[in-house]
Amino acid sequence: MQCVILAAGRGVRMGDLTNDTPKPMLKVNGKPILEYTLNNLPEEIDEIIFIIGYKSDLIKSYFGDEYKGKKIKYVVQENLNGSAGALLCAKEFLQDKFLVLNGDDLYSKSDLEKFIANEPPAILAKEVENSGRFGVLKIDDNGCLLEIIEAPKENHGNLVNTGAYLLNNKFFDYELVKKTTQILEKEFGLPQTLATMAKDYKIKVEKANFWQPLGYPGDILNAEKVIEKFC
C-alpha cells in the first residue's frame with residue numbers, strides 16, 4: 001500500500017523558522033517532523049511518495065530512496081496550488097487504495113493502523129477544544145461526511161479534519177475545488193474536493209485519539225510536551 005505525504009510548502013506561518021528549512025523538516029525534540037511520520041506508518045505501507053517543493057533537497061538528502069524497508073519516490077509540485085493540486089501531481093504513480101497525510105502534522109501509529117482498515121474514501125478526524133482554525137466536519141448518524149466547513153467564524157462543532165485521507169483513484173474523477181478564502185483562492189483543496197464526493201459515496205469519518213497540528217511556532221512546543229506518549 002502507498003502513502004502520499006504532502007511536503008511541498010514552506011510554512012509561512014512559522015516565520016523565520018522556515019527561512020532555510022521546509023516546515024516538515026523542522027525538529028521536535030531533535031527529530032524532523034517527517035521522521036515521526038515515517039516511523040508511525042502502518043506496516044502495510046510499502047511505498048512512500050513525497051510531494052516536494054520548497055527546499056526539497058533537504059528532504060531528499062535526509063531520507064534517500066528507502067526508509068526502513070519502505071521505498072521512497074519523490075514528485076515535485078512545481079506550482080504550489082494547494083493540497084488537491086499536490087495529489088494530482090502523483091496521479092500516474094498511484095494504485096487504487098492509498099493513504100494521504102499532511103507532512104507537517106503528527107499522527108499516531110495506532111490511529112493510522114485503524115484508519116487504513118476502512119474502505120476508501122475516508123477521512124481522519126479529531127475532536128478539539130478550539131475548531132476555529134481548522135476544517136469542521138459535519139457527519140450523519142452513521143458517521144459519514146456531510147459537509148466540511150473551513151475555518152468557521154461561528155461554532156459548528158469540534159470535530160475537525162486532521163489532513164489524513166484514505167482514497168482511491170475515483171478521487172481524480174472529480175473536478176478540483178478551489179479554496180474559498182481570499183488569500184488561498186488560487187489553491188485547490190483536497191478536503192473541499194473530497195466533500196464533493198459525498199453526494200456519490202459514503203465517506204467514513206474515523207476519529208483519532210491523537211493528532212498534533214504544527215502550523216505555528218507555539219505548536220512545536222506543544223508537540224514536545226506530548227510526543228513521546230503517542231509517537
Side-chain angles (χ1 to χ4, degrees), residues 1-9 11 14 21-52 56 58-75 83 86-87 90 94-95 97-128 134-135 137 159-167 190-191 204-216 219-231:
M1 184 177 173
Q2 297 167 303
C3 177
V4 180
I5 299 179
L6 308 181
M14 284 291 182
T21 306
K23 185 166 69 165
M25 290 299 289
L26 293 177
K27 293 183 177 180
V28 176
N29 288 344
K31 186 186 299 183
I33 295 167
L34 282 176
E35 190 167 351
Y36 288 103
T37 301
L38 267 59
N39 286 339
N40 286 344
L41 291 177
E43 298 302 319
E44 290 88 342
I45 302 296
D46 55 17
E47 183 179 24
I48 299 159
I49 300 176
F50 277 122
I51 309 299
I52 55 176
S56 57
L58 294 177
I59 297 175
K60 294 174 71 174
S61 62
Y62 192 91
F63 293 104
D65 297 325
E66 184 177 308
Y67 187 82
K68 295 186 177 180
K70 302 180 189 299
K71 295 181 295 182
I72 296 179
K73 185 188 299 293
Y74 298 93
V75 177
S83 53
L87 186 60
L94 293 171
Q95 299 163 8
K97 179 180 178 179
F98 52 89
L99 177 65
V100 182
L101 299 176
N102 278 343
D104 50 9
D105 288 2
L106 295 171
Y107 308 90
S108 77
K109 188 168 188 173
S110 60
D111 282 334
L112 294 179
E113 288 174 339
K114 183 180 179 182
F115 183 51
I116 65 169
N118 288 285
E119 288 299 316
I123 184 169
L124 189 65
K126 181 73 172 65
E127 292 181 340
V128 300
F134 306 113
L137 306 180
L159 186 66
V160 304
N161 175 21
T162 69
Y165 313 92
L166 190 67
L167 300 175
L190 196 163
K204 175 67 176 178
V205 176
E206 182 82 50
K207 294 183 181 180
N209 291 313
F210 170 79
W211 170 58
Q212 177 61 58
L214 292 156
Y216 298 87
D219 293 332
I220 294 179
L221 298 177
N222 293 334
E224 290 180 337
K225 296 175 183 177
V226 301
I227 191 69
E228 298 302 330
K229 296 179 181 179
F230 297 96
C231 298

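All residue numbers in this chain count up from 1 along the given sequence. Here the structure is a predicted model, which means the values were calculated and not measured.
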What pairs meet the salt bridge (charged side-chain N to carboxylate O under 4.0 Å, His left out) rule with one or both residues in residues 113-122, with sequence neighbours excluded?
-> Lys114-Glu206
Using the salt bridge (charged side-chain N to carboxylate O under 4.0 Å, His left out) rule, collect all pairs that involve residues 24-46, keeping only residues at least two apart or in two chains.
-> Glu43-Lys109
Could you tell me which residues satisfy ring-ring contact (aromatic ring centres under 6.0 Å, His included) with Phe63, sequence neighbours excluded, listed by chain and number?
->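 Only Phe50, Tyr67 meet the ring-ring contact (aromatic ring centres under 6.0 Å, His included) criterion with Phe63.
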Quick one: does Tyr107's side chain have a donor or acceptor within less than 3.5 Å of a partner on Thr162's backbone?
->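 Side chain of Tyr107 to backbone of Thr162, a donor-acceptor pair under 3.5 Å: yes, one is there.
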Do [X] and [Y] make a side-chain contact, defined as non-hydrogen atoms from C-beta onward lying under 4.5 Å apart?
| X | Y | value |
| --- | --- | --- |
| Ile45 | Lys70 | yes |
| Pro191 | Tyr165 | yes |
| Leu38 | Ile5 | yes |

Quick one: list whatever passes side-chain hydrogen bond (donor to acceptor under 3.5 Å, both in side chains) with [X], sequence neighbours left out.
| X | answer |
| --- | --- |
| Lys126 | none |
| Lys68 | Asn39 |
| Tyr74 | none |
| Lys207 | Glu127 |

Over all heavy atoms of both residues, which pair between [X] and [Y] is shortest? Give the atoms and the distance, please.
| X | Y | value |
| --- | --- | --- |
| Leu87 | Leu190 | CD2-CD1, 3.9 Å |
| Ile33 | Asp105 | CG2-O, 4.2 Å |
| Leu112 | Asn40 | CD1-O, 3.6 Å |
| Phe210 | Ser108 | CD2-N, 3.8 Å |
| Asn29 | Tyr36 | CB-OH, 3.8 Å |
| Cys3 | Leu41 | SG-CD2, 3.8 Å |

Restricting to side chain to side chain contact (heavy atoms under 4.5 Å, CB included), what partner residues turn up for [X], sequence neighbours left out?
| X | result |
| --- | --- |
| Ala122 | Phe115, Asn118, Leu166, Lys204 |
| Ala90 | Ile49, Ile51, Leu94 |
| Ser56 | Ile52 |
| Lys71 | Glu47 |

Could you state the interatomic distance from NZ (Lys23) to CG (Asp104), rounded to the nearest 0.5 Å?
->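 Reported value, rounded in 0.5 Å steps: 3.5 Å.
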CG on Leu106 to CD1 on Ile220, rounded to 0.5 Å | 10.0 Å
Take Trp211 and Val128 through the side-chain contact (heavy atoms from CB on, under 4.5 Å) test and state the conclusion after the steps.
-> CA-CA 10 Å; Trp211 170 58; Val128 300; 4.2 Å; yes
After noting the C-alpha distance and the side-chain angles of Leu214 and Leu26, does the key distance pass the side-chain contact (heavy atoms from CB on, under 4.5 Å) rule?
-> CA-CA 10 Å; Leu214 292 156; Leu26 293 177; over 6 Å; no
With sequence neighbours excluded, what pairs up with Asp111 under the salt bridge (Lys or Arg N to Asp or Glu O under 4.0 Å) test?
->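 Partners of Asp111 under the salt bridge (Lys or Arg N to Asp or Glu O under 4.0 Å) test: none.
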